[in-house]
Amino acid sequence: MTGFWADGDLSPNLIEQARIERSRQGGYLDLTSSNPTAQGLLFPPALLREAADGYWAKRLYQPDPHGQPAARRAIQGYYATRSPVLRLDLNAIFITASTSEAYSLLFALLCAPGDNVLGPHVTYPLFEYLAAVHHIELRPYQLDETRGWAVDETSVRAAADARTRAVLLISPHNPTGMIIQQPLAVLNQLALPVICDEVFAPFTYRADQTPPLGALHPAVPVFHLNGISKLFALPDLKLGWIALSGGAAEQYGERLELLNDTFLGSNSLTQHMLPQLFEHGLAFVQSMRDRVAQNIDWALQELADHAEIEARPPDGGYYLFLRLRSWSHEEALVLYLIEHGVLTHPGFFYGDVPGVHLMVSALTEPTTWRAGITQLSGALRA
Ligand SMILES: Cc1ncc(COP(=O)(O)O)c(C=O)c1O
């Protein structure tokens with residue numbers, strides 16, 4: 001067979017098999033959820049109804065390959081409130097169906113089959129599939145755990161070759177939480193376009209803010225990817241965007257317009273709602289930030305003197321990427337924890353890095369979070 005993932009093994013792995021088995025036998029505490037709607041974090045329904053209200057009576061399909069101007073003005077306004085501020089031209093914003101779709105458009109825009117994009121190692125396991133769709137290679141550069149998972153600039157330089165078309169940065173990074181707070185010299189040196197995924201931007205913990213990368217690098221063409229799936233906990237309403245800075249709009253805008261026009265993936269209703277989501281949704285965003293920060297506070301305190309688990313405060317994001325001191329096998333560890341009634345993700349789901357790691361999601365509903373962390377801690381003390 002040929003085509004997408006034709007040689008891939010799609011059968012459930014041992015962890016998934018054990019999870020299914022355990023759910024038949026009394027269940028488990030799930031510390032892996034990234035789904036806000038399953039964790040009691042529901043954007044206020046009344047605000048959603050109100051934001052959608054005006055749409056129905058005046059429905060008129062007026063597709064715009066950039067996205068509706070009012071929605072783009074709201075996005076432009078959002079970047080004007082970021083710190084440092086990023087000033088964007090309205091024509092430098094493209095609305096898409098999701099951040100994942102935005103990636104796909106950018107890989108098509110920047111790459112030919114056989115080209116490569118540099119991406120962080122470890123990373124959220126989405127990009128390898130998107131790269132496969134476009135027949136490109138995702139070449140890893142390293143993050144340095146000893147420096148809070150900072151980008152290892154030497155490894156970025158070493159990974160680049162004549163077929164490298166872009167550098168992908170994720171800030172706040174999933175799952176380590178690392179936030180890029182200072183310019184990276186290597187980006188100025190490589191002179192490549194940068195794709196910066198900032199879907200976790202509002203979730204800061206140790207860092208004061210998530211600087212938009214274009215504000216740190218005004219002379220580098222940057223494509224900022226973001227959307228409402230994390231920002232407003234609305235993954236089901238399907239809206240993302242690409243915001244171009246540093247000359248990217250001038251260089252790539254016309255072709256990106258044609259690409260986005262080819263799909264027109266973002267639905268008009270959600271675009272119509274967007275200005276009101278920004279206008280009235282910020283108190284809800286704050287409540288999510290508080291939930292995540294309080295969960296992280298609690299876990300760091302609970303695990304502070306643990307002989308086996310090393311938990312460091314992240315810059316941001318909503319995960320903890322825990323390091324285990326004496327276990328040597330991640331799969332065995334996760335299977336052992338499932339037996340003890342708690343579900344975590346092994347580090348290898350995010351790539352092959354030295355050491356043994358577990359991912360837990362601080363988006364989890366607080367009672368489950370506390371019970372799960374207590375159970376995890378107890379099982380690993382035993
Ligand atoms: C770093 C990162 N980027 C992008 C996405 C996908 O976002 P969207 O729902 O907008 O496609 C995710 C999903 O979890 C993510 O973790």
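Indexing begins at 1, ligand by ligand and atom by atom, following the structure's order. We use all heavy atoms of the structure for the numbers below, so side chains are in, but hydrogens, waters and symmetry mates are not.
Ligand 1 has a nitrogen or oxygen under 3.5 angstrom from a nitrogen or oxygen of Asp197. Any N or O atom pair closer than 3.5 Å counts here, and Lys238 shares no such pair with ligand 1.
Counting protein heavy atoms only, atom 5 (C) of ligand 1 is closest to Leu126 CD2, 4.1 Å. Here the heavy atom of the protein found nearest to atom 12 (C) of ligand 1 is Tyr124 CE2, 3.6 Å. Scanning the protein for heavy atoms near atom 16 (O) of ligand 1, the closest one is Asn174 ND2, 2.8 Å. The closest protein non-hydrogen atom to atom 9 (O) of ligand 1 is Ser229 OG, 2.9 Å.
For Thr99, heavy-atom contacts with ligand 1 shorter than 4.0 Å involve the backbone as well as the side chain.
Atom NE2 of His121 is separated from atom CG of Leu143 by 9.5 Å, given to the nearest 0.5 angstrom.
Between Glu310 and Arg312, at least one side-chain nitrogen of the basic residue sits less than 4.0 Å from a carboxylate oxygen of the acidic one, meeting the salt-bridge criterion. Salt-bridge formation is not detected for the pair Arg19/Asp30: no Lys NZ or Arg NE/NH1/NH2 atom is positioned less than 4.0 Å from an Asp or Glu carboxylate oxygen. Of the charged side-chain nitrogens involved, at least one lies within less than 4.0 Å of a carboxylate oxygen, so that Glu198 and Arg82 count as a salt-bridged pair. Using a 4.0 Å cut-off between charged nitrogen and carboxylate oxygen, Arg72 and Asp64 count as a salt-bridge pair.
Annotation: side chain of Glu339 is not in contact with side chain of Leu335 (no heavy-atom distance under 4.5 Å).
You'll find the ring centres of Phe232 and Phe284 outside the 6.0 Å limit.
In this structure, Gly227 falls outside the shell of residues with a heavy atom less than 4.0 angstrom from ligand 1. Contact between Lys230 and ligand 1 is present, with at least one heavy atom of the residue lying under 4.0 Å from the ligand.
Side-chain contact of Thr367 with Glu365: a donor-acceptor pair under 3.5 Å is present, judged by distance alone.
Listed by number with element, the atoms of ligand 1 under 4.0 Å from a non-hydrogen atom of Phe200 are 1 (C), 16 (O).
With atom 6 (C) of ligand 1 as the reference point, the heavy atom nearest to it among Gly317, Pro125, Ser171, Ser100 is part of Ser100.
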